Amino acid sequence: MKALALDIGLKRIGVALCVDKKIALPLDAVLRKNRNQAANEVKNLLKVYEISLLIVGIPKGGSSEEEMTRRIKHFVSLLEFEKEICFVDESGTSKEALKLSAFNTRKKDGKLDSLAALILIKDYFAL
C-alpha cells in the first residue's frame, strides 16, 4: 500500500510518500503557478507512485479555517482521485517541521512544506 500526504498551501504543496506503512520520505514540493498546473503535477505523482491512499492536511482553528478548508477540498476535487482520501488536522505541522529541519530556514523552496507533509504521514500511521 502506498500513501501520499499533501500539505496544501496557496503557493506551495508539500508532498510526502509512505510505502507499506513503514517507510516514509518527503518528496519535492509542488510550486504552484496556478491550481490546474499544481493539480496536474499532483495527479502525475498519484499515477507514477500508484497511490491507494491520499492524506490531506486541513487546518483546524484559526480565522481562515473555513476558507482554507473550502479551497483545499476544491483542489482535491481537481485531482479526480477515485481511491481513499483522508482529511487530517494539520495544525502545528509547519512549526514542527521548522523545529525538525536541519536547514532551520524559512526559504520558500517547499522543503519545509514537504517535511510538514511527512509529519502528517508519521502521525497518521503512528511511525
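Because the structure is a prediction, the values reported are computed rather than measured.
For the atom pair CD1 of I55 and CG of D7, the computed distance is 12.5 Å after rounding to the nearest 0.5 Å. Expressed to the nearest 0.5 Å, how far CE of M68 lies from CZ of R70 amounts to 10.0 Å. Between the OG atom of S52 and the CE atom of M1 there is a distance of 5.5 Å, given to the nearest 0.5 Å. Of the inter-residue distances, the one linking N36 atom CG with N40 atom CG reads 6.5 Å to the nearest 0.5 angstrom. Here the CG-CG distance, from L118 to L27, works out to 9.5 Å after rounding to the nearest 0.5 Å.
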Legend entry - side-chain contact (heavy atoms from CB on, under 4.5 Å) evaluation trace for L46 with L54: CA-CA 9 Å; L46 294 169; L54 183 61; 4.0 Å; yes

Inset, instruction - Evaluate the side-chain contact (heavy atoms from CB on, under 4.5 Å) criterion for residues V15 and V30: first the C-alpha distance (whole Å), next the side-chain angles of each, then the deciding distance (0.1 Å), finally the verdict. - result: CA-CA 7 Å; V15 184; V30 173; 4.2 Å; yes

Legend entry - Check against side-chain contact (heavy atoms from CB on, under 4.5 Å), L45 and L17: CA-CA 10 Å; L45 293 171; L17 175 69; over 6 Å; no

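When all heavy atoms of S114 and A16 are compared, the pair lying nearest together is O-CB, 4.1 Å. Minimum heavy-atom separation, L31 to R12: CD2-CG, 3.5 Å. The two residues E65 and P59 come nearest to each other via the heavy atoms CG-O, 3.2 Å. In terms of heavy-atom proximity, A29 sits nearest to G14 at CB-CA, 4.4 Å.
Distance alone, capped at 3.5 Å, places no donor-acceptor pair between the E90 side chain and the L6 backbone.
By the rule that hydrophobic residues join a cluster once side-chain heavy atoms approach within less than 4.5 Å of another member, I13 and Y49 end up as members of one cluster. Both V42 and I51 are part of a single hydrophobic cluster, where members link through side-chain heavy atoms under 4.5 Å apart. No continuous path of hydrophobic side-chain contacts links V56 to F125 [ILVMFWY only; heavy atoms under 4.5 Å]. Grouping the Ile, Leu, Val, Met, Phe, Trp and Tyr side chains by contacts below 4.5 angstrom, directly or via other members, places I8 with I58.
Among pairs with a residue in residues 13-34, none fulfils side-chain hydrogen bond (donor to acceptor under 3.5 Å, both in side chains), at least two apart in sequence or across chains.
Partners of R71 by side-chain hydrogen bond (donor to acceptor under 3.5 Å, both in side chains), not counting sequence neighbours, listed by chain and number: E67.
Checked for salt-bridge contact, K60 and D89 miss the test: no charged N lies under 4.0 Å from a carboxylate O.
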Side-chain donor/acceptor pairs under 3.5 Å, residues 72-88, sequence neighbours excluded:
unit_1: S77; atom_1: OG; unit_2: H74; atom_2: O; d: 2.5
unit_1: E80; atom_1: OE1; unit_2: K43; atom_2: NZ; d: 3.4

